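Heads up: the structure comes next, in structure tokens.
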Amino acid sequence: MVGHRVHIDFPGRFVIVGFGCIGQGLLPLLRRHIGMAPDRITILAADDSGREVAAAYGVRMISKPLLPENHRQILDPLLGRGDFLLNVSVDVASRALISHARAKGALYLDTCIEPWPGGYADPTVPLAERTNYVLREQVLALRDGQSGWPTAVLTHGANPGLVSHFVKRALLNIATDTGLAVTSPGSRLAWADLACTLGIRTIHIAERDTQVSPVRKQVNEFVNTWSVDGFVSEAQQPCELGWGSHERCFPSDGSRHRSGSQAAIYLRQAGCATRVRSWAPGTGPFHGFAITHGESISIADYLTVRQGGETSYRPTVHYAYHPCDDALLSLHEFCGRNFVPQEQKRILMDDIAPGGIDELGVLLAGHRRNAYWYGSRLSIDEARQLAPHNSATTLQVCAAALAGVIWAIENPCRGVIEPEEMDFERVLEIAVPYLGSVVGTYTTWTPLAGRGSLFPEELDEADAWQFSNVRVT
């Protein structure tokens with residue numbers, strides 16, 4: 001399309017599953033930057049919302065939910081060898097779609113590993129089985145014998161996804177700024193050794209959203225700047241975090257998994273009931289929610305150093321999310337209703353007032369310069385200038401998904417792959433033009449700052465970056 005760089009031509013058919021705020025925000029970016037005719041694109045949506053957007057871009061839309069009993073029948077005539085299946089839906093199982101795409105010879109990308117409906121919040125299913133850790137292990141099992149299989153990119157939105165590339169750039173920046181001569185590592189072990197050498201003890205995916213609408217949240221309404229259904233689903237999963245080798249005090253409500261990488265643990269309470277201390281450059285210190293996210297597990301696993309079968313190094317990794325103010329109120333009401341979703345839901349988009357920013361970055365802490373935040377500071381005003389049908393929050397997701405799709409087309413035979421295993425420089429090259437100000441900032445803040453002055457607290461003052469200091473109790 002005129003005025004925008006076409007990164008690659010794609011001759012195959014393109015199927016988008018899900019057409020909520022992310023699907024609608026991503027479609028114009030796909031049309032701008034991938035050379036393909038609109039009549040080669042099909043949208044599969046659970047309802048008719050977004051039909052006008054699809055029509056404006058000349059794209060066919062089919063309103064029919066994908067379910068365990070019908071997904072193969074619906075997808076069969078739409079997919080073949082060399083086509084692309086993009087999953088930006090909620091409640092459509094990633095493992096099932098990856099398996100079907102592989103059988104048809106098609107490429108695949110999702111922004112989150114999803115189960116079928118009920119998989120996040122079925123009280124008859126044990127807590128451990130409702131975690132992202134288990135969902136990840138199930139999908140990674142598809143790697144067995146995958147040599148030469150079509151590329152299937154897992155969890156490549158903003159977070160999980162983009163933040164894993166931020167981590168790599170941040171590690172190289174810290175190395176340069178602390179006088180460590182290093183070239184960009186070429187393997188997982190080399191990246192893990194770099195993080196260990198730098199002394200990275202913890203990595204927060206630190207996000208603060210200040211977007212606001214003059215139409216404020218009402219009682220019995222969930223308001224958010226991205227998918228309400230997606231947020232509600234992950235909010236009621238158990239809190240999960242990559243568990244660092246430096247941690248001295250295992251949480252009293254923590255549990256370990258019995259199989260898999262052992263890179264992460266889970267708490268026996270919801271992520272939306274677990275708060276942590278973190279920091280972002282625009283707002284400074286804040287309390288965020290340790291909502292479970294795939295990157296908390298995959299980054300921790302990727303940066304693990306093992307010797308003789310034992311873990312000698314791993315950072316603690318978790319999300320620290322302060323959503324927009326109305327989403328914060330919505331979450332408070334949701335918890336008060338004992339995780340029963342509100343009857344009304346609203347995604348903020350055109351009604352967002354000027355001036356709000358979504359700061360999404362990674363805070364790497366424990367090294368010689370204390371802590372370093374690297375990421376995107378994107379305002380709603382910039383987002384509106386850059387791409388239609390987007391807020392600052394959705395554009396960060398859509399830019400990363402676009403970059404992941406292009407990378408998959410350029411690397412079509414990599415099998416099941418996670419963000420940490422991709423070329424971070426290529427991904428950032430594509431995504432950064434849509435991310436506003438991408439900045440790196442050092443801070444002297446630690447989770448011990450100002451603590452214990454008004455009330456007595458049990459603190460580990462010998463190591464500020466213990467999770468027991470970071471967690472809000």
Side-chain angles (χ1 to χ4, degrees), residues 15-26 43-47 49-50 64-72 74-75 79 84-102 106-122 125 127-142 152-162 224 226-238 240 264 266 270-272 291-298 319 339 341 345 347 394 397-398 400-401 404-405 408 416-419:
V15 179
I16 303 173
V17 178
F19 205 56
C21 60
I22 301 303
Q24 293 176 42
L26 182 54
I43 295 166
L44 295 174
D47 54 45
S49 61
K64 193 173 183 65
L66 292 190
L67 301 169
E69 62 270 20
N70 72 4
H71 70 281
R72 294 183 184 87
I74 294 173
L75 288 171
L79 280 179
F84 204 114
L85 179 59
L86 172 63
N87 182 10
V88 288
S89 66
V90 177
D91 288 339
V92 178
S94 299
R95 192 173 190 272
L97 264 58
I98 292 169
S99 297
H100 194 73
R102 171 180 289 185
L107 305 173
Y108 173 89
L109 180 140
D110 61 36
T111 55
C112 175
I113 299 176
E114 288 280 333
W116 289 117
Y120 286 132
D122 185 345
V125 176
L127 278 181
E129 301 299 311
R130 303 203 302 264
T131 60
N132 280 330
Y133 181 99
V134 167
L135 288 172
R136 175 178 181 258
E137 291 290 335
Q138 290 172 347
V139 173
L140 291 182
L142 295 174
V153 179
L154 303 179
T155 65
H156 207 279
N159 57 316
L162 181 66
N224 198 18
W226 58 283
S227 170
V228 170
D229 293 335
F231 193 19
V232 166
S233 294
E234 67 183 24
Q236 58 190 315
Q237 285 182 270
E240 296 182 79
Y266 65 97
C272 64
I291 302 290
T292 179
H293 261 209
E295 74 271 17
S296 300
I297 306 159
S298 62
Y319 196 11
F339 311 132
K345 55 189 177 183
I347 296 175
T394 62
V397 178
C398 293
V405 167
V416 174
I417 197 162
E418 295 188 286

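All values derive from a computational prediction rather than experimental measurement. Here, residue 1 is the first one in the sequence, and each next residue gets the next number.
Counting heavy atoms from C-beta on, the side chains of His71 and Trp116 come closer than 4.5 Å. For the pair Ser89 and Leu66, the minimum side-chain heavy-atom distance is 4.5 Å or more. In this structure the side chain of Glu418 reaches within 4.5 angstrom of the side chain of Leu140, judged on heavy atoms. When side chains are defined from C-beta on, Ser298 counts as touching Arg136, because their heavy atoms get closer than 4.5 Å. Side-chain contact between Cys272 and Phe231: absent, with no pair of heavy atoms (C-beta onward) separated by less than 4.5 Å. For the pair Pro238/Thr292, no side-chain contact is recorded, criterion being any heavy-atom separation below 4.5 Å from C-beta on. Counting only heavy atoms from C-beta outward, the side chains of Ile113 and Asn132 never approach each other to under 4.5 Å.
Residue Cys398 comes nearest to Gly25 through the heavy atom pair SG-C, 3.5 Å, listed as atom of the first residue, atom of the second, then distance. Closest heavy-atom contact between Asn159 and His293: O-CE1, 2.9 Å. In plain terms, the two heavy atoms of Glu114 and Val92 that are nearest each other are CB-O, 3.3 Å. Nearest heavy-atom pair across Ala401 and Leu26 is CB-CD2, 3.9 Å. Gly404 approaches Leu109 most closely through the heavy-atom pair C-CD1, 3.4 Å. Annotation for Gly18 and Val88: closest pair O-CG2, 3.4 Å, computed over non-hydrogen atoms.
One distance of note links CG of Leu107 with CZ of Arg102; it measures 12.0 Å at 0.5 Å rounding. Atom CG in Asn87 sits 12.5 Å away from atom CD1 in Ile22 (nearest 0.5 Å). Going from atom OG1 of Thr111 over to atom CG of Leu162 covers 12.5 Å, rounded to the nearest 0.5 Å. Atom CZ of Arg72 and atom OG of Ser99 lie 8.0 Å apart (nearest 0.5 Å). Between the OH atom in Tyr266 and the CZ atom in Arg130 there is a gap of 10.0 Å [rounded to 0.5 Å]. With values rounded to the nearest 0.5 angstrom, Leu154 atom CG is found 7.5 Å from Tyr108 atom OH.
Between the side chain of Glu240 and the main chain of Tyr133, a donor-acceptor pair closer than 3.5 Å is present. Distance alone, capped at 3.5 Å, is enough to place a donor-acceptor pair between the Ser94 side chain and the Cys112 backbone.
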**OP:** Kindly indicate, with the supporting measurements, whether the criterion side-chain contact (heavy atoms from CB on, under 4.5 Å) is fulfilled by Val397 and Trp226.
**Re:** CA-CA 9 Å; Val397 178; Trp226 58 283; over 6 Å; no
Subject >> Chi angles and distances behind the side-chain contact (heavy atoms from CB on, under 4.5 Å) call for Asp110, Val17 >> reply: CA-CA 9 Å; Asp110 61 36; Val17 178; over 6 Å; no
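Remark: the Asp229 side chain and the Ser227 side chain contain no N/O donor-acceptor pair separated by less than 3.5 Å.
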